[in-house]
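Working notes, structure below.
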Amino acid sequence: MSETIFSKIIAGEIPADKLYEDEHCIAINDINPQAPVHVLVIPKQSIAKLSDAAATDQALLGHLLLSVAKVAEQLGIADGYRVIINNGAGGGQTVFHLHLHILGGHTMSEGMA
Ligand code: 5GP
């Protein structure tokens, strides 16, 4: 697995303000926020992209979603937020270490794009 900016943050090689951390993941503010709240939930285990996840990653994937809900609650946006995973370059992914975007802090418009 090649190093990414996220694996360096997880390893402590690059400083980042962690909003949340547990045994399996961290949450940090996105450096280029697309909404008033834009947080990334990142597994410590490096999976390049969602489509690379295996059946053995099932518990981790569930843990990431539950962590999203926990972080949203912690940030006071539990009533409404959007969760996005960009998968692959064609899906807009730029950092090839799986991560979930939490976007919120204002009323999200309808639709997916
Ligand atoms: P992707 O496009 O891969 O789904 O999302 C990558 C996200 O990582 C982007 O929203 C980008 O702004 C964010 N990002 C890239 N480099 C850094 C960094 O060094 N620190 C933080 N906190 N976010 C980053």
Side-chain angles (χ1 to χ4, degrees):
M1 179 60 64
S2 60
E3 285 231 311
T4 66
I5 192 82
F6 294 162
S7 61
K8 288 178 184 166
I9 288 171
I10 288 160
E13 294 166 16
I14 294 174
D17 282 337
K18 290 174 190 161
L19 305 174
Y20 174 81
E21 179 169 18
D22 65 24
E23 191 184 347
H24 300 295
C25 65
I26 62 168
I28 59 172
N29 282 312
D30 196 291
I31 205 169
N32 182 23
Q34 305 297 309
V37 175
H38 186 172
V39 170
L40 304 170
V41 174
I42 308 169
K44 291 182 176 177
Q45 177 189 328
S46 182
I47 299 169
K49 58 186 190 293
L50 182 63
S51 54
D52 290 338
T56 49
D57 298 317
Q58 183 167 321
L60 175 63
L61 296 176
H63 180 84
L64 293 172
L65 286 175
L66 291 171
S67 299
V68 162
K70 198 183 280 188
V71 171
E73 180 82 41
Q74 183 183 310
L75 295 172
I77 60 163
D79 277 355
Y81 55 90
R82 181 167 291 160
V83 183
I84 293 175
I85 298 174
N86 294 324
N87 185 74
Q93 186 175 4
T94 57
V95 179
F96 286 82
H97 180 129
L98 177 66
H99 53 280
L100 293 79
H101 297 254
I102 305 174
L103 295 159
H106 62 189
T107 302
M108 309 303 293
S109 57
E110 291 179 18
M112 297 300 293

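All residue numbers refer to positions in the sequence shown, counting from 1. Whatever order the structure lists them in is the order used to number ligands and atoms, beginning at 1.
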**Message:** For His99 and His101, I'd like to know if the aromatic rings sit close, meaning centre-to-centre distance below 6.0 Å.
**Reply:** yes
**Ion pair check, Glu23 and Lys44, cut-off under 4.0 Å** = no
Pairs under 3.5 angstrom, nitrogen or oxygen on both sides, ligand 1 versus protein: list them out, please.
| unit_1 | atom_1 | unit_2 | atom_2 | d |
| --- | --- | --- | --- | --- |
| ligand 1 | 2 (O) | Gly92 | O | 3.0 |
| ligand 1 | 2 (O) | Thr94 | N | 3.3 |
| ligand 1 | 2 (O) | Thr94 | OG1 | 3.0 |
| ligand 1 | 3 (O) | Thr94 | N | 2.7 |
| ligand 1 | 3 (O) | Thr94 | OG1 | 3.2 |
| ligand 1 | 3 (O) | Val95 | N | 2.9 |
| ligand 1 | 3 (O) | His99 | NE2 | 3.1 |
| ligand 1 | 4 (O) | Asn86 | ND2 | 2.8 |
| ligand 1 | 4 (O) | His99 | NE2 | 2.9 |
| ligand 1 | 4 (O) | His101 | NE2 | 2.8 |
| ligand 1 | 5 (O) | His99 | NE2 | 2.9 |
| ligand 1 | 5 (O) | His101 | NE2 | 3.3 |
| ligand 1 | 10 (O) | Asp30 | OD1 | 3.2 |
| ligand 1 | 10 (O) | Asp30 | OD2 | 2.5 |
| ligand 1 | 12 (O) | Asp30 | OD1 | 2.5 |
| ligand 1 | 22 (N) | Asn29 | O | 2.8 |
| ligand 1 | 23 (N) | Ile31 | N | 3.3 |

**Message:** For the CD atom on Glu73, are there more than 12 heavy atoms of other groups (residues, nucleotides or ligands in this structure) within a distance under 6.0 Å?
**Reply:** no
**Asked** Testing Ile84, Leu40, Leu65, Leu61 for side-chain contact (heavy atoms from CB on, under 4.5 Å) with Leu100, which one passes?
**Response** Leu65
**Asked** Counting only heavy atoms not in Gln58, do more than 12 sit closer than 6.0 Å to its CD atom?
**Response** no
**Request:** Check whether any side-chain heavy atom of Asp30 lies under 4.5 Å from a side-chain heavy atom of Leu103, and answer yes or no.
**Result:** no
